[in-house]
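Report on one structure; see the data block that follows.
Remember, it's 1-based here, ligands and their atoms both numbered in the order they're listed. By convention here, the first residue in the shown sequence is residue 1.
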Amino acid sequence: MNHCRSSSEILWESTPPPQNRPVAQFGFRYDYERDIVVVSVDDEENLTVPMQKDNEKESTTTDTYFDASAKEAAAAAAAAAVPKIPELFKRLLLRPYCIQLAGIVIQDDGINDDDEDEIKTSVGIFTQCIVNVYRPTTTTTTTTTTTSPKEISRDYNDETATDSSNSITGSHIPWHIDDHRFGPVIIVFTFGETRPLNMRLKKHNNNDNYDYDGIDDDDGDDDDGDVGCCKKESYFTAHPPHRSCYKLSGSARTQWEHLIPTGTGWRVSITFRSVLSDVVECL
Ligand SMILES: O=C(O)CCC(=O)C(=O)O
Ligand SMILES: [Fe+2]
């Protein structure tokens, strides 16, 4: 993981290959390599601590639930405070979104106090923000003139993002459901290239024969059974365009995985999530 502080004090990180996405996180920081969430618990002192993982809830001491390298990571993260969500993001993105969602009509004399309170509460729910930068895929081969964006695919996986040429530098995000500790509602604002937002229904635990791609996608969730029957209705692709936003809530949040494939243009997304306070544990 490379960290570098730009002059604007944004802490850019790179996600592990082959995802190849620079990310900047605000409010709370998810450590992609170690699957821990680092939270800024005290803005004044810039103190950051790891969030306890669910399967480690029985543990009460640091030593029992973090190994040495995780502890080192926690120390490194603590040294690099997680910046607050920029006010500009809240004003220009979240606030208008919440106003629209609540159906608040702005009168000539402004917004009344009750509505203002409601907007503040809605905006305040989102305590984590992540900027994902998706680089374009480029190739230096002479035979290929263009590379099409990868559309949905049952067979799309990490390999397909990297296998055709070693000159490919594009970014993607693989199949995943955001950790449930990031709250029930996720809002994503998208800018730049329109890339597909691929969705697929996560296998139901009680149906061993349910297989939605038949391909080993190596994501550790054991969804690649040997039956190989794909249910068409279990896939869905949206195309959120430049300057739009989408919301993941309900079953889209908890039962559908999502993926953004590689593409030929730049794309930037700004995601807002919340961190459930009852899973935050201080060391
Ligand atoms: O870029 C997007 O639209 C999705 C980002 C995302 O899924 C994530 O950060 O978990
Ligand atoms: Fe996600």
- Message: So Phe191 and Arg243, do their side chains get closer than 4.5 Å, heavy atoms only?
- Response: yes

- Give the C-alpha distance, both sets of side-chain angles, the deciding distance and a yes or no for side-chain contact (heavy atoms from CB on, under 4.5 Å) between Gln25 and Leu11. CA-CA 7 Å; Gln25 305 193 58; Leu11 183 68; over 6 Å; no

- For Tyr134, atoms of ligand 1 separated by under 4.0 Å from a heavy atom: 1 (O), 2 (C), 4 (C), 5 (C)

- Item | Proximal ligand 1 atoms for Val188, defined as those under 4.0 Å from one of its heavy atoms | 2 (C), 3 (O)

- Where's the contact between Ile173 and ligand 1, heavy-atom distance under 4.0 Å: side chain, backbone, both or neither? side chain

- Message: How far is atom 4 (C) of ligand 1 from the closest protein heavy atom, and which atom is that?
- Response: Tyr246 OH, 3.3 Å

- Element-labelled atoms of ligand 1 that are located less than 4.0 Å from some non-hydrogen atom of Ser269: 1 (O), 2 (C)

- To the nearest 10°, how many degrees is the angle His258 NE2 to the Fe ion (ligand 2) to Asp178 OD1? 90°

- Query: Which atoms form the tightest heavy-atom contact between Lys90 and Pro96, and what is the distance?
  - Reply: O-CD, 4.3 Å

- Any salt bridge between Arg95 and Glu116, counting N to O under 4.0 Å? yes

- Message: Which of the numbered atoms in ligand 1 are under 4.0 angstrom from any heavy atom belonging to Arg267?
- Response: 1 (O), 2 (C), 3 (O)

- Closest non-hydrogen protein atom to atom 7 (O) of ligand 1, residue and atom name please, with distance? His258 NE2, 2.9 Å

- Enumerated ligand 1 atoms positioned under 4.0 Å from heavy atoms of Asn132: 5 (C), 9 (O)

- Heavy-atom side-chain contact between Phe26 and Gln128 under 4.5 Å: no

- side chain to side chain contact (heavy atoms under 4.5 Å, CB included) with Ile106: of Asp115, Asn112, Ile111, only one passes, and it is Ile111

- Do His258 and Leu197 have side chains that get closer than 4.5 Å, going by heavy atoms? yes

- Task: Consider every N or O of Thr271 and every N or O of ligand 1, then say whether any pair is closer than 3.5 Å.
- Result: no

